[in-house]
Amino acid sequence: MELHKEFFKQDTVKVAKALLGKIIQYKGTAGMIVETEAYKGSPDMASHAAKRTPRSAIMFDTFGKFYIYFVYGNYFCLNITTEEYKPGAVLIRALQPLEGIKIMKKRRGTKDVHNLTSGPGKLCQALGITKKLNGTEVNDKIKIYEPDNKLMKKLNDINKKNSLSLKPLSPSKLSPKFKIVAAERIGIKKAKHLKWRFYIKGNEFVSKK
DNA sequence: TCTCAGATCGTCT
DNA sequence: GACGATCTGAGAT
C-alpha cells in the first residue's frame, strides 16, 4: 500500500524513523529503506533547512515531495520533504536492493550487491534518480509503500541468494556500528562538527564527537 | 569571482 | 580504516 501524502506532514524525525523498512520503487528498480537521516532547521545550522534559498525553498513550502539535489559534482541525494509549517526533509541514505538488481549493477558498474545502494549517492545512481525528478510528488513517479508478505518473501530470497541478512548495506561513516538506523544531526555550525543522534529499534544513541 | 559541499572511489597502511 | 583527489553547481562576497 502506498504511503499517503499526509504521512509526511508529521515531525521530521518521526518520518525518518517510520520510513525504515518501507519500499522505494522507481522504473523497475526497488529497495527497502534501511538508513534515513532527518534534516530540520535550527539548531542544525549546516542543514539546507536552516536557510531558505531558491534550492532549499521546497523544504520550507511543501511536504510529501522529493527534494533532489546535486552534490560534489557527481552525485544526487534523495530527500522527501516533511512538516507543513516548518522546513524539513528526510534524506534516504541506504537501501537494500529488491528489484531490478541487474539494472542496478549495470548502472553502478559493479557486480557487488553490497555496493549497489549503500549510500545516498549510490542509491540514486542505482535507481536512475536524477535532479529532473526534483519537486515531484511522492508516488507520482517514485513510489513509496509498505511491503506486503509477498515482497518480504522475495526480499528474504534475495538475502539467501546473496548471503545477506536483513540489515542495511551502508558502510556510512554516520553509522559505523549500528544497522538499520534513523539519524538526526544535533550540532549547530558546520557539518563536520555536528553530533549525531541515532535511533535504533526505539533506542537513542548519541555520537561522541 | 571564490569557496566548498548532506559523497564516492582508489590507494595506502 | 584513513586519507586525498575529484567532479559541478549553489550560495556567499
Side-chain angles (χ1 to χ4, degrees), chain A residues 8 12-13 15-17 19-20 24 31 33-63 65-83 86-97 104-135 142 168-179 181-199 206-209:
Chain A
F8 299 95
T12 306
V13 175
V15 174
K17 290 196 235 178
L19 277 175
L20 298 175
I24 186 157
I33 299 171
V34 291
E35 188 174 313
T36 59
E37 187 177 332
Y39 278 94
K40 304 173 88 164
S42 171
D44 176 3
M45 299 316 285
S47 152
H48 286 190
K51 192 165 192 183
R52 190 191 176 98
T53 64
R55 183 174 62 166
S56 68
I58 188 170
M59 294 174 88
F60 290 72
D61 299 339
T62 71
F63 59 90
K65 283 194 177 187
F66 287 103
Y67 170 39
I68 299 160
Y69 57 83
F70 190 62
V71 45
Y72 291 107
N74 277 317
Y75 307 101
F76 295 100
C77 286
L78 179 69
N79 300 257
I80 308 169
T81 61
T82 54
E83 308 201 39
K86 289 186 223 165
V90 174
L91 171 68
I92 310 298
R93 294 193 59 89
L95 303 177
Q96 176 156 342
M104 292 187 190
K105 285 179 177 172
K106 197 175 169 188
R107 285 182 180 147
R108 290 276 303 125
T110 176
K111 289 180 178 175
D112 181 6
V113 178
H114 298 78
N115 196 21
L116 293 179
T117 52
S118 53
K122 294 179 188 180
L123 71 90
C124 284
Q125 194 177 34
L127 270 63
I129 289 170
T130 65
K131 205 179 163 185
K132 70 179 182 196
L133 292 160
N134 183 40
I142 305 168
L169 309 172
S170 176
S172 155
K173 286 164 193 156
L174 176 69
S175 52
K177 276 186 179 174
F178 305 112
K179 304 298 178 186
V181 297
E184 175 190 11
R185 311 196 317 178
I186 54 176
I188 52 167
K189 284 179 185 167
K190 288 222 167 192
K192 48 184 153 185
H193 299 136
L194 292 170
K195 271 191 178 182
W196 301 90
R197 182 180 291 135
F198 305 109
Y199 300 94
V206 175
S207 68
K208 283 179 189 167
K209 204 176 168 186

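Protein chains get the first letters and strands the later ones, always in sequence-line order, with residue 1 at the start of each.
Using a 4.5 Å cut-off on side-chain heavy atoms (C-beta onward), A:T117 and A:Q96 make no contact. Between A:T12 and A:V90 the shortest side-chain heavy-atom distance falls below 4.5 Å. Within the 4.5 Å cutoff, side-chain heavy atoms of A:I80 are placed close to those of A:F66.
Across the protein-nucleic acid pair, A:L116 atom CG and B:dC9 atom P stand 11 Å apart, rounded to whole Å. One atom, CG of A:L123, and another, P of B:dA7, lie 11 Å apart when rounded to the nearest Å. What separates CG of A:L78 from C1' of B:dA7 is a distance of 15 Å, to the nearest Å. To the nearest angstrom, C1' of B:dC4 lies 11 Å from NE2 of A:H48.
Among the protein residues, A:R108 comes within range of the sugar-phosphate backbone only, with heavy atoms under 4.0 Å from sugar or phosphate atoms but none that close to a base.
A:R108 contributes a side-chain N or O that, together with a main-chain N or O of A:N115, makes up a donor-acceptor pair within less than 3.5 Å.
With 3.5 Å as the limit, one finds no donor-acceptor pair spanning the side chains of A:Q125 and A:R107.
Taking a pair as Watson-Crick or G-U wobble with both distances under 3.5 Å, the runs of three or more consecutive pairs in DNA chain C are B:1-5 with C:8-12, B:7-12 with C:1-6.
Judged as a side-chain hydrogen bond (donor to acceptor under 3.5 Å, both in side chains), and not counting sequence neighbours, A:T110 has no contacts.
Other residues, nucleotides and ligands place more than 12 heavy atoms under 6.0 Å from the NZ atom of A:K105.
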### Message
Can you build the contact string for nucleotides 7-13 of chain C? Use B for base contact, S for sugar-phosphate-only contact, and - for no protein heavy atom under 4.0 Å.
### Response
BBSSSS-
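Note on ring orientation: taking the six-membered ring where Trp is involved, the planes of A:Y69 and A:Y67 are tilted (angle from 30° to 60°).
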